[in-house]
Trainee: 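Dropping the structure in here first, questions after.
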Amino acid sequence: MAPMAINWATLLEEQAARLKDKTFLYVVYQDRSISYARMDSNANRMANFLMGMGAKPGDGIATLMNNSPQFLDVFFGIQKIGMYVNTVNTSLRGDGLAYIIDNSDTRYIVVDHDLIDLYQSVAHRLPKIERVFVNTLEAPVGFNVPEGMFDLKEAYGPGISSARPAVPFDDSAMLMLMYTSGTTGLPKGVVMRYNRNVIERLKLLAPLILTPDSIYYTALQLFHGNALYVTTTTALIVGCTVALSKRFSASRFWEEVGVSKATVFNTIGAIIPILMKQPECPYEKVHQVKTVLSAGCPAVMWEPFEKRFNVKIWEAYAAIDGSGFIANFGDGPKGSIGKPMNSIIRVVDGNGDAVPSGDTGELLFKVDPDRKSMVEYYKNPDASGEKTRGEWEYTGDLVYQDAQGYLYFVGRSTDSMRRRGENVSAYDVEQAILKHPAVLEAAVYAVPSEMTEDEIMAAVKPVDGMHVTGQELWGFLQDKLARFAIPRYICIVDDFPRTETFRIKKKELKEKGIAPGTYDAETGSSVAARG
């Protein structure tokens with residue numbers, strides 16, 4: 001019989017046997033360390049506990065959980081017994097939350113004690129869920145598990161074995177579902193299988209960014225690929241330490257980085273301007289971080305971020321529903337996502353023809369001949385077929401390539417707008433708006449025009465304590481963008497609807513339309529309330 005393909009549980013077992021009492025997880029918000037050996041023992045307990053509750057190979061379990069050691073215990077534990085996990089985004093509500101849980105066909109769900117109300121708000125729409133486990137390990141004294149639910153704390157009790165269960169299962173079985181953010185439509189469940197997952201690809205990346213002595217801090221959520229793959233998995237591969245925050249806090253960020261003695265952290269584009277526009281604090285000057293792994297660093301903030309915080313940004317491009325990887329390990333121009341790593345690419349126009357250097361087109365990755373890198377969407381063969389056409393995977397992302405082969409991210413194809421006969425990139429407009437010192441974040445999107453094309457609208461969140469008007473911003477952009485790219489409508493907002501990974505939900509903004517008080521450059525005044 002051929003040996004089973006590697007998965008996260010077998011990788012943890014190998015490292016636990018080798019590294020034993022070395023710290024795998026430093027829980028920043030608890031000032032607590034968990035060794036590789038203890039992590040593996042806890043995963044065995046979780047597997048045995050779930051089997052005792054009726055779980056078997058092929059069953060699914062959903063996690064409605066924020067960052068905690070228990071999230072990882074469930075994640076590793078289910079792989080000991082051939083189950084699959086659906087890591088649910090805890091920022092979802094209503095229809096979106098119910099859809100992702102129900103669509104995944106999971107029989108079990110683990111819910112954090114402080115998310116029970118959220119679960120119960122959609123529970124009547126989840127007929128496939130048979131058992132609910134409540135993570136009470138961080139619950140306040142006196143907390144009671146609701147009737148009919150089970151306490152996850154029992155997995156760590158004296159009656160549960162810490163030995164690895166001997167459960168055979170098919171290694172072609174499904175291991176995980178991670179749903180796309182659904183910012184433009186219904187989320188799609190991206191399938192990972194025991195014999196087809198990202199670990200082998202991450203083995204190529206891990207030694208390039210980490211050493212066994214690294215301490216890798218993340219404040220991003222484990223239910224998303226950035227924290228689970230780029231941080232946790234790469235750290236597990238090289239045998240270093242993950243420093244796990246409960247959640248991102250701009251005011252506490254550098255303090256947590258310093259307390260954890262982090263040498264590297266990962267971030268996403270939306271976080272960089274937030275950190276840059278925070279007041280200076282002493283912790284940002286005394287940390288041990290040398291390298292920041294970024295996804296989507298705004299080009300205008302790249303060098304200022306490096307100088308202010310005395311770090312080097314390494315930029316990377318990947319997607320949970322993608323097989324390719326592109327990286328700029330500081331050897332490419334600032335603002336570039338880099339060059340492909342072990343990937344063959346094309347940049348094409350709408351007809352599938354290659355575009356010249358410097359021209360924008362859609363990024364395509366060549367699929368491996370064995371098709372193992374082909375993206376699979378759960379119960380959605382049409383979407384799977386649309387994603388991979390022939391031997392090419394269509395990313396839906398717009399890029400251009402310079403003469404030296406370095407790639408530059410332009411935006412999602414769904415973010416492209418057409419105004420006055422010209423194509424406009426929402427990303428480019430957002431980057432121009434972010435140059436204003438009073439702007440913290442911006443989202444640019446199309447709204448219906450009286451004509452046949454789009455009008456451009458920008459929603460803008462100011463820096464705390466600062467003030468800016470739509471009219472001021474419109475004037476600010478006059479020498480920074482082509483006239484056709486300057487938004488007609490500019491709305492000042494207190495905050496954005498967003499995913500837990502800080503991506504702004506433009507779909508919701510579009511649905512709200514042009515709100516009263518929005519500045520209209522055509523009239524030079526604010527839009528009046530309807531009434």
Side-chain angles (χ1 to χ4, degrees), residues 29 46 49-56 59-75 77-78 83-157 176-183 186-189 221-224 227-228 246-248 378-379 495-503 505 507-508 511:
Y29 61 97
M46 190 62 65
F49 170 72
L50 291 171
M51 281 200 308
M53 300 297 284
K56 62 183 186 304
D59 285 347
I61 188 166
T63 55
L64 189 60
M65 306 173 75
N66 290 313
N67 285 358
S68 69
Q70 293 74 50
F71 181 106
L72 292 173
D73 291 343
V74 173
F75 176 71
I78 64 100
M83 296 178 70
Y84 70 90
V85 63
N86 169 20
T87 57
V88 179
N89 185 329
T90 61
S91 70
L92 295 172
R93 299 293 184 270
D95 291 345
L97 178 62
Y99 174 80
I100 279 181
I101 298 173
D102 188 64
N103 180 259
S104 69
D105 297 319
T106 48
R107 294 178 57 198
Y108 306 96
I109 188 168
V110 184
V111 182
D112 278 344
H113 77 277
D114 54 353
L115 295 176
I116 288 176
D117 287 347
L118 176 59
Y119 169 73
Q120 289 180 326
S121 71
V122 296
H124 63 287
R125 301 166 62 181
L126 305 173
K128 300 166 192 170
I129 295 294
E130 298 175 14
R131 294 200 172 187
V132 179
F133 303 100
V134 181
N135 177 25
T136 64
L137 278 87
E138 297 176 13
V141 175
F143 177 85
N144 293 313
V145 174
E147 186 177 354
M149 298 184 182
F150 300 87
D151 194 338
L152 195 71
K153 190 183 293 183
E154 295 177 13
Y156 305 91
M176 176 165 47
L177 287 173
M178 187 175 283
Y179 281 76
T180 60
S181 59
T183 52
L186 277 177
K188 298 183 287 290
Q221 289 296 317
L222 288 167
F223 57 68
H224 190 264
L228 190 59
K246 190 68 176 175
R247 60 182 57 85
F248 173 74
Y378 187 57
K379 299 191 302 189
D495 205 351
F496 295 104
R498 61 180 80 233
T499 70
E500 195 65 29
T501 51
F502 300 96
R503 291 180 65 183
K505 295 181 177 179
K507 181 182 176 184
E508 290 189 17
E511 289 171 351

Trainee: Can you give each donor-acceptor pair under 3.5 Å made by side-chain atoms of residues 145-154, sequence neighbours left out, with the distance rounded to 0.1 Å?
Mentor:
residue	atom	partner	partner atom	Å
D151	OD1	T136	OG1	2.6
D151	OD1	K153	N	2.9
D151	OD2	T136	OG1	3.2

Trainee: Between K246 and S68, is there a donor-acceptor pair closer than 3.5 Å when you use the side chain of the first and the backbone of the second?
Mentor: no
Trainee: About how many Å separate CG of D59 and CG of L50, when rounded to the nearest 0.5 Å?
Mentor: 10.0 Å
Trainee: Using atom types as modelled and distance alone, determine if a side-chain donor or acceptor of N67 lies under 3.5 Å from a backbone N or O of R247.
Mentor: no
Trainee: Exactly one of L126, V134, V110, V88 should register a side chain to side chain contact (heavy atoms under 4.5 Å, CB included) with Y119. Which one does?
Mentor: L126
Trainee: Please report the shortest heavy-atom distance between S104 and L177, naming the atom on each side.
Mentor: CB-CD1, 3.7 Å
Trainee: Is the shortest side-chain heavy-atom distance between L228 and F75 below 4.5 Å?
Mentor: yes
Trainee: Hey, does I116 have a side-chain heavy atom less than 4.5 Å from the side chain of F143?
Mentor: yes
Trainee: How long is the straight-line distance from CE of M46 back to CD1 of I78, given to the nearest 0.5 Å?
Mentor: 11.0 Å
Trainee: If we only count heavy atoms from C-beta on, is the F133 to Q70 side-chain gap below 4.5 Å?
Mentor: no
Trainee: Evaluate the ring planes of Y84 and Y378, with Trp represented by its six-membered ring, and classify them as parallel (under 30°), tilted (30 to 60°) or perpendicular (over 60°).
Mentor: tilted
Trainee: Quick one, F71 with N66, criterion side chain to side chain contact (heavy atoms under 4.5 Å, CB included). Give me CA distance, side-chain angles, the key distance, then yes/no.
Mentor: CA-CA 7 Å; F71 181 106; N66 290 313; over 6 Å; no
Trainee: For the atom pair OG1 (T87) and CG (L64), what is the distance rounded to the nearest 0.5 Å?
Mentor: 11.0 Å
Trainee: What is the distance from atom OH of Y108 to atom CD of E130, rounded to the nearest 0.5 Å?
Mentor: 5.5 Å
Trainee: At what distance, to the nearest 0.5 angstrom, does CG of L118 lie from CZ of R93?
Mentor: 4.5 Å
Trainee: Would you say the side-chain atoms of N86 pair up with the backbone N or O of I100, donor to acceptor, closer than 3.5 Å?
Mentor: yes
Trainee: Treating K128 as the side-chain partner and D102 as the backbone partner, does any N or O pair qualify as donor plus acceptor under 3.5 Å?
Mentor: yes
Trainee: Hey, are the side chains of M83 and R107 touching, using non-hydrogen atoms and a 4.5 Å cut-off?
Mentor: no
Trainee: As an exercise, state the distance from OH of Y179 to OH of Y99, rounded to the nearest 0.5 Å.
Mentor: 6.5 Å
Trainee: D112 vs N135, test: side chain to side chain contact (heavy atoms under 4.5 Å, CB included). Steps then yes/no.
Mentor: CA-CA 5 Å; D112 278 344; N135 177 25; 3.0 Å; yes
Trainee: Taking the side chain as every heavy atom from C-beta outward, state whether I61 and T106 have any pair of such atoms under 4.5 Å apart.
Mentor: no
